[in-house]
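The block underneath contains the structure these notes are about, expressed in C-alpha cells.
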Amino acid sequence: MSTAPGVEICTLIIENRECGGRSDQTILDVAEEYGIFIPTLCRLPGLSSIGACRMCLVEVKGSNKLLPACVTKVQEGMEVTVNSERLEAYRRTTLELLFSERNHICSVCVTNGHCDLQSLAQKLGVNHITMPYLHPHVEVDASHPRFIADHNRCILCTRCIRVCAEIEGAHTWDLMGRGTKARVITDLNRPWGESESCTGCGKCVQVCPTGALSEKGQAAGEMMKRRQFLPYLSMMREVGK
Amino acid sequence: MTKAKTPKARVATVWLDGCSGCHMSLLDIDERLILLADKIDLVYSPLVDAKDFPENVDVAIVEGAVSNTEDLHKIKLIRKNSRVLVSLGDCAVTGNIPSMRTVFPLQSLLDRVYDENATINKKVPTKVVPKLLEQVHPLHEIVPVDVYVPGCPPSADTIFLAISELLEGRVPQLNEVTRFGA
Amino acid sequence: MNQDDLANIAVQTKQEESRYDHVIKVCVAAGCLSANSDQVKTQLESEVKQRGLESCCKVKGVGCMGLCAAGPLVAGEGNEKMFQNVTPADASAILDSIVDNKPAPENVVIDSHLDFFTGQKKIVLENSGEIDPERVEDYIAADGYEALFHCITKLKPLGVVEQVTKSGLRGRGGAGFPTGLKWTTVYKAGTGQKYVICNADEGDPGAFMDRSVLESDPHRVLEGMAIAGYAVGANKGFIYCRAEYPLAVKRLRTAIRQAESHGLLGNNIGETHFDFKIEIRLGAGAFVCGEETALIASIEGGRGTPRPRPPFPAQSGLWDCPTLINNVETFANIPPIIRRGGEWYSTIGTEKSKGTKVFALAGRVVNTGLIEVPMGITLREIIFKLGGGIPEGRRFKAVQSGGPSGGCVPEQYLDIPVDYDSLASVGSIMGSGGMIVMDETSCMVDVAKFFMDFCMSESCGKCVPCRVGTTQMHNILERISEGRATQNDLEQLKELTGMVKAASLCGLGQTAPNPTLTTLRYFMDEYKAHIEEGRCPAGICHPVKDKEEAEVGA
Amino acid sequence: MLTNAKVVSPPSDDKRWKIIDGTMRRHGHQPHSLIEVLHTMQETFGFLTDDGLRYVATSLRVPYSKVYGVATFYHFFTMKPPGKHTCVVCTGTACHIKGANTLLAAVQEESGLKAGETTRDGSLSLLTARCVGSCGLAPAAVFDGQVAGKITTDSIKRRVRDFLGNETDAEILSVGEHQ
C-alpha cells in the first residue's frame with residue numbers, strides 16, 4: 001500500500017476485530033471498510049465532517065472522553081468500542097432529544113420511509129420519546145418554485161450548508177441564532193424563493209437526511225391533476241352536447 | 001392439553017383522540033380474528049356494547065392521544081383497571097397529527113375555529129363536549145405504558161403479532177416490523 | 001528602547017513620586033467608578049490645589065483595591081489609611097486626615113488591617129490599587145517589562161518555557177491545564193507562523209477577576225503575552241475581550257499604544273530581533289467563546305462554535321497555525337515568574353496547585369470584592385475570615401465556584417483546601433474564580449435552574465446533547481421549581497445530566513450539568529420538598545400545591 | 001459566492017457609512033474582520049440593519065447567510081432600534097442571588113416593559129445582561145451605559161420614571177430576546 005508522506009499504516013482493534021488503516025483515516029472510515037456499523041446523522045461522505053450530532057461517539061481505551069468516530073483519526077494500537085450499554089443508551093437519548101426538539105410528524109412527512117432520523121430510531125429501538133416534546137412554532141418556507149423548506153423537520157445537521165458552500169460554492173445556506181432557536185437560513189434570512197445566491201441546483205434537498213428540504217409535488221396534498229393531458233375529455237363533452 | 005381450561009384473556013380496546021385507523025388495521029387481521037376469538041374476551045371496545053370501562057382487564061389496547069379532559073379521565077381509569085397497557089399507533093405513542101395543534105396557543109385555536117371561521121353561532125362550545133387540554137399528550141406522558149406499537153397505523157400483521165405475543169405472556173419485540181409513521 | 005532606557009524610566013518615575021510627602025490613591029476601576037470615584041478624585045485634586053499642597057501632595061487614580069462593595073475607595077500613607085464609601089464631600093476630611101493626621105469621620109474609615117486585606121497574598125494583583133493603569137511609566141517603575149527584557153536578552157525561548165514549567169503554573173481559565181506543557185507543545189510545533197491569544201472573554205456570570213486585572217494593570221498582561229510570544233515563537237498576539245467591558249478595552253488600547261510608542265511592542269523589541277504585535281478583538285456576548293476553539297472561530301470572524309479536539313489549538317489553531325491560548329490571569333502570572341524564577345513560584349500553594357488564585361467574592365457575604373489568596377487556603381478562611389462571614393446573622397448554605405461549569409459546595413466541605421483537585425473531588429471546579437456565597441434565603445433548585453437557563457441560552461446549538469439536553473433539563477428544573485414535577489422527572493434529570501456531560505462536544509455542554517449534579521447530591525431534601533410537598537424551603541419558588549391539575553394544564 | 005471584490009456604494013448617503021468604511025479599510029477588507037465591522041456599525045447606528053449587513057457582506061466578500069448568521073449568533077448585536085434611554089438589569093449570579101428578578105419586576109411595574117422591550121414612544125428600552133462584572137456591587141444595573149451598583153427597587157423605579165419623562169402610559173413597541 002502506498003501512502004502520502006507522513007501517513008502511516010496502523011493496526012487497531014474495533015469491536016474486538018483487528019483492523020488495518022492509514023493514519024489519515026478516521027475510525028469511521030476504517031470501521032466501514034470492515035463492515036462495522038457505526039450510526040451517523042450529520043456526516044455525509046464527501047462533505048467535511050463536524051462531529052456535531054454525536055451519534056458516532058465511540059469509546060477509545062485510554063481516553064476518558066467519548067470520541068466522535070467521524071473526525072477521530074486512527075492510531076496504532078487503538079482499541080475502539082462501538083457498542084456498549086452506555087453508548088447505545090446515549091445514542092437513543094440523542095435521537096429522543098432530536099425527536100422532542102421540533103415537530104416530527106412522520107406519518108404526514110414527505111420523507112416518511114426514506115428518512116435517516118426515522119430509520120435510525122427504528123434500528124436503535126427508539127419506539128417512544130420519554131421526554132416531553134418542545135412543540136416549537138416554526139415556519140414552512142414554500143417560496144421557492146421547486147423546493148420546500150419545512151423547519152419542523154430540521155435537525156440542524158448542516159449538511160445543506162456544507163454541500164452548498166463546499167460543493168456548489170454558492171453558500172446560500174447558513175445558520176442563524178443559537179441553541180434550539182438556531183435555524184438554517186438562505187441569504188439574509190429572506191424567503192428561499194427570493195435568494196440571490198441560490199443556483200437552484202437542489203443539492204441541499206438531496207443531502208437533507210429528513211423531510212426538512214424536499215422537492216415540491218411530493219406530498220400527498222400536492223398531487224396536481226394535469227387534465228390538459230386528456231384533451232379528448234373536453235372533446236367528448238362537446239360531442240355529448 | 002389443558003387448553004380448554006385456560007381462561008380467556010380480558011381484552012379492551014379504546015379509541016381516544018385519533019382517526020380510528022388503528023382499529024381499522026386491527027380489523028384487517030381478517031380471519032386471524034377467529035383465532036383470537038378463542039383466546040380473548042373483548043370486554044370493552046368501540047366494536048362492542050359495553051358503556052363503562054370494566055375492572056380487572058388483562059390487556060388494554062389504546063389508540064389515540066390524550067387531548068381533552070375526558071381522555072385524561074379515561075386513560076387514568078384504564079391504567080388503574082388494566083394489567084398491561086398497550087399504546088397503539090402513532091397518536092397514542094407520539095401525539096402524531098392531533099398534537100400538531102399544540103404549537104398554537106389553545107385560545108387562539110378556539111377563536112379561529114369557533115369565531116373567525118364560524119358563520120353561525122360564533123361561540124366556543126362549553127356543554128356536551130369535554131374541555132380541550134392546553135397540550136396534546138402521548139399516553140406515556142400521563143400514565144405508565146407497557147408496550148409501544150408505533151405506526152400510522154401499525155400494520156395488521158404488527159398488531160396480530162403484538163396481541164399474540166402478549167397472550168403468550170411475552171413482551172412483543174416489534175422494532176423489526178414497525179416504526180414511527182409506518 | 002533598551003534595558004538601560006527602561007531602568008532610567010523606572011528610576012525617574014520613582015524619583016518623581018518620592019518628591020511628594022503624600023500620595024493619595026483613588027480607585028478608578030469600574031466598580032468604584034460606578035460609584036462616582038472620578039468625582040471624588042476631581043474634588044480631592046481641587047482641594048489640594050485650594051490648600052496649595054500641589055508640591056507635597058499627589059492625587060493619583062489607581063486600579064482596584066479589592067473591597068468593591070465599599071467603594072469608592074481612597075488610600076493614603078502607603079495604605080495605612082483607607083477610606084470607604086467616599087463622596088466628593090468627604091474630600092476635605094480625608095485631606096485633613098492624611099496631611100494633618102486629624103481623625104476622619106468614622107463612617108468613611110476602614111481598618112486597613114482587616115483580615116480582608118492582610119489575609120491575601122498578591123502576585124497577580126501586586127500592582128492593582130498601587131499604580132496608575134493609564135501610565136506605562138508607573139508600570140515600569142514597578143519592575144514592569146523587566147521580565148520581558150530579561151527573556152529576550154538573556155534567555156533562549158526554551159529557557160523561558162522551562163521557567164514556566166518549573167513554576168507549576170496551571171491555566172487560570174478554569175480547567176487547570178499545566179501552562180508549561182501547553183507552551184512546550186506550541187514551542188515544538190514547527191517554525192512557521194504561530195499566534196498567542198489572551199482569552200479575556202470573561203463570560204462566567206459572577207466573575208470579574210480578569211476585568212479587574214485589565215482595568216488595573218493592563219501592561220502586565222501585555223508583558224505576559226510578549227514573553228509567551230518570545231517563548232513559543234509567535235510574533236502576533238490577539239486579546240479577545242468582552243465588549244461588555246468598555247473600560248477594560250479602553251485601558252488595553254491605551255496600554256498597547258503606549259507600549260508601542262516605547263518600543264515595548266512592535267518590531268525589534270529591546271533592540272533585539274524579536275517582533276511582537278498585539279491586536280484587540282471584541283467578543284460580542286457569547287459565553288461559549290470562552291472555549292478555545294470557539295474563540296478561534298470568533299477571531300476568524302465567524303459564529304463562535306467549537307469544533308472537536310484534537311487537533312488542539314497548540315497544534316492547529318488560529319488560521320490552522322499553532323496557537324497558544326491562555327487567560328488573562330495566567331498571563332498576568334508570567335512576569336513575576338520570570339522575574340523571581342519558576343522555583344520561587346512553585347514554593348507557593350499546594351503540591352499540585354501552585355501559586356495564588358484571584359477570586360471574585362460575591363453574594364451573601366459581608367466583604368464582597370476581589371481577593372488573591374495562596375492555593376490551599378480553605379473555603380472557610382475565604383468566606384469567614386477574609387469575607388467576614390454571612391451578613392444579617394443568617395446561616396451559610398453553600399458556596400458556588402466555577403459558575404455555570406462549577407458546583408455548589410455545602411458546609412460540610414468548607415474545610416477542604418482550595419485547589420484544582422480538591423474542588424473537583426466535591427463535584428465543583430476551580431473555574432475562573434467566581435465565588436458566590438449563598439445563605440438560607442437561596443433556593444438550591446432555583447440556583448440549579450438559574451445556571452441551566454444560562455447554559456441553555458448560551459449553548460451554540462451545534463451538538464445535540466447540549467442544544468436540546470440543556471433545554472430539557474432546564475424544563476424539568478422549571479417543573480420542579482413550580483411544583484409540577486414527578487419522581488419520573490427527577491429520574492430523567494439524573495439520566496440527562498450523565499448523558500449531556502459525557503456526550504457533548506465542548507466544555508460548555510460537558511460541564512453544564514455540574515451545578516445541577518452538586519445540588520442533587522447535597523440538597524436532595526430541597527428537591528424533595530418541591531416535588532413531594534409543593535414547598536420551597538427558602539421561599540423563592542412558588543410551587544403549586546395541586547399537581548394533578550397542573551400536570552396537564554387542565 | 002461573492003468571489004470578486006466589488007466596488008459597492010453605501011446603502012445611503014448618510015455620512016456615517018464613512019465610519020464603517022474606515023473600519024473595513026483598517027482591516028484591509030479582510031473577511032475575518034466581520035465582527036469588528038459589525039461592532040462599528042452597531043456603535044454608529046445603534047443597531048444593525050438589513051441594508052448595512054448587505055453592504056458589509058458585499059464589501060468584505062462574505063456570503064449573506066454567513067453575515068446574518070454571525071449577526072444573530074452574538075447577543076451583543078441587535079437588529080432593532082434601541083430606545084432613547086436604556087436600562088440594562090444585570091442578571092449574573094451575584095445579582096440573581098441578591099434579587100435581580102425583583103428589580104425587573106419593579107421596572108415592569110413602573111413602565112410595563114418586559115426584558116427586551118422598548119416603549120412605543122421609543123423613550124426607554126429594558127434589557128438584561130448576563131453579567132456586567134460588577135458582582136461586588138450586586139445587584140447592578142446599567143443606565144445609559146453607566147454602571148450603577150447596589151440598586152434597590154425604589155432607586156431603579158426612580159431612574160425609570162426620569163427616563164420615561166411625562167409619558168404616563170408608555171406603550172410597548174417590540175418584543176424581542178435580548179440577553
Side-chain angles (χ1 to χ4, degrees), chain A residues 42 47-48 50 52 134 136-139 141 143-144 147 149 151 154 156-201 203-205 207-208 212-213, chain D residues 1-6 8-12 20 30-32 34-35 37-38 41-42 45 47-80 91 114-116 127-130 174-179:
Chain A
C42 65
L47 302 181
S48 60
I50 55 169
L134 300 178
H137 192 293
V138 282
E139 303 293 329
D141 179 355
S143 61
H144 194 281
F147 310 123
H151 297 281
C154 178
L156 298 174
C157 70
T158 73
R159 282 189 194 175
C160 54
I161 299 173
R162 284 175 282 153
V163 79
C164 189
E166 296 169 13
I167 309 292
E168 179 64 5
H171 206 131
T172 300
W173 293 100
D174 211 314
L175 276 177
M176 70 164 277
R178 58 158 103 136
T180 52
K181 287 176 187 143
R183 299 280 182 273
V184 291
I185 53 161
T186 50
D187 287 1
L188 291 169
N189 193 24
R190 311 303 304 194
W192 192 358
E194 294 172 20
S195 166
E196 294 165 41
S197 61
C198 175
T199 62
C201 72
K203 290 187 177 69
C204 49
V205 174
V207 301
C208 178
L213 302 181
Chain D
M1 194 156 60
L2 307 155
T3 42
N4 297 314
K6 280 194 213 160
V8 277
S9 39
S12 69
I20 285 94
Q30 290 288 329
H32 62 73
L34 175 60
I35 295 173
V37 176
L38 295 182
M41 201 199 302
Q42 177 148 318
F45 292 99
F47 64 110
L48 307 179
T49 60
D50 256 19
D51 279 350
L53 292 181
R54 188 177 293 270
Y55 176 56
V56 169
T58 318
S59 307
L60 298 181
R61 285 153 291 143
V62 178
Y64 289 148
S65 56
K66 184 172 175 181
V67 171
Y68 198 88
V70 168
T72 52
F73 181 84
Y74 296 98
H75 285 170
F76 193 80
F77 296 131
T78 172
M79 296 176 73
K80 285 179 305 190
T91 56
K114 286 193 205 120
L127 305 168
T128 55
R130 275 306 181 188
S174 55
V175 182
E177 314 152 23
H178 285 262
Q179 293 290 340

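Per chain, numbering begins at 1; letters A, B, ... match sequence-line order.
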**Report entry** Partner set under side-chain contact (heavy atoms from CB on, under 4.5 Å) for A/Cys157, not counting sequence neighbours
**Finding:**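 Here the qualifying residues are A/Cys42, A/Ile155, A/Arg159, A/Pro209.
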
Query raised in the report: At their closest point, which heavy atom of D/Asp50 faces which heavy atom of A/Leu188, and how far apart are they?
Result: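 Minimum heavy-atom separation between D/Asp50 and A/Leu188: O-CD1, 4.0 Å.
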
Query raised in the report: Where does A/Arg190 contact chain D at under 4.5 Å (heavy atoms): side chain, backbone, both or neither?
Result: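 Side chain of A/Arg190 only, per the 4.5 Å heavy-atom cut-off to chain D.
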
Query raised in the report: Which bit of A/Glu168 comes within less than 4.5 Å of chain D, counting heavy atoms only: side chain, backbone, both or neither?
Result: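 For A/Glu168, no heavy atom lies under 4.5 Å from chain D.
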
Query - Residues in ring-ring contact (aromatic ring centres under 6.0 Å, His included) contact with A/His144, at least two apart in sequence or another chain - result: A/Phe147, A/Trp192

Query raised in the report: For D/Phe47, which residues count as a ring-ring contact (aromatic ring centres under 6.0 Å, His included) partner, sequence neighbours excluded?
Result: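 With sequence neighbours excluded, D/Phe47 shows a ring-ring contact (aromatic ring centres under 6.0 Å, His included) to no residue whatsoever.
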
Query raised in the report: Between D/Ser65 and A/Trp173, is there a donor-acceptor pair closer than 3.5 Å when you use the side chain of the first and the backbone of the second?
Result: yes

**Report entry** Residues from residues 66-74 of chain D approaching chain A under 4.5 Å (heavy atoms)
**Finding:** D/Lys66, D/Tyr68, D/Gly69, D/Thr72, D/Phe73, D/Tyr74

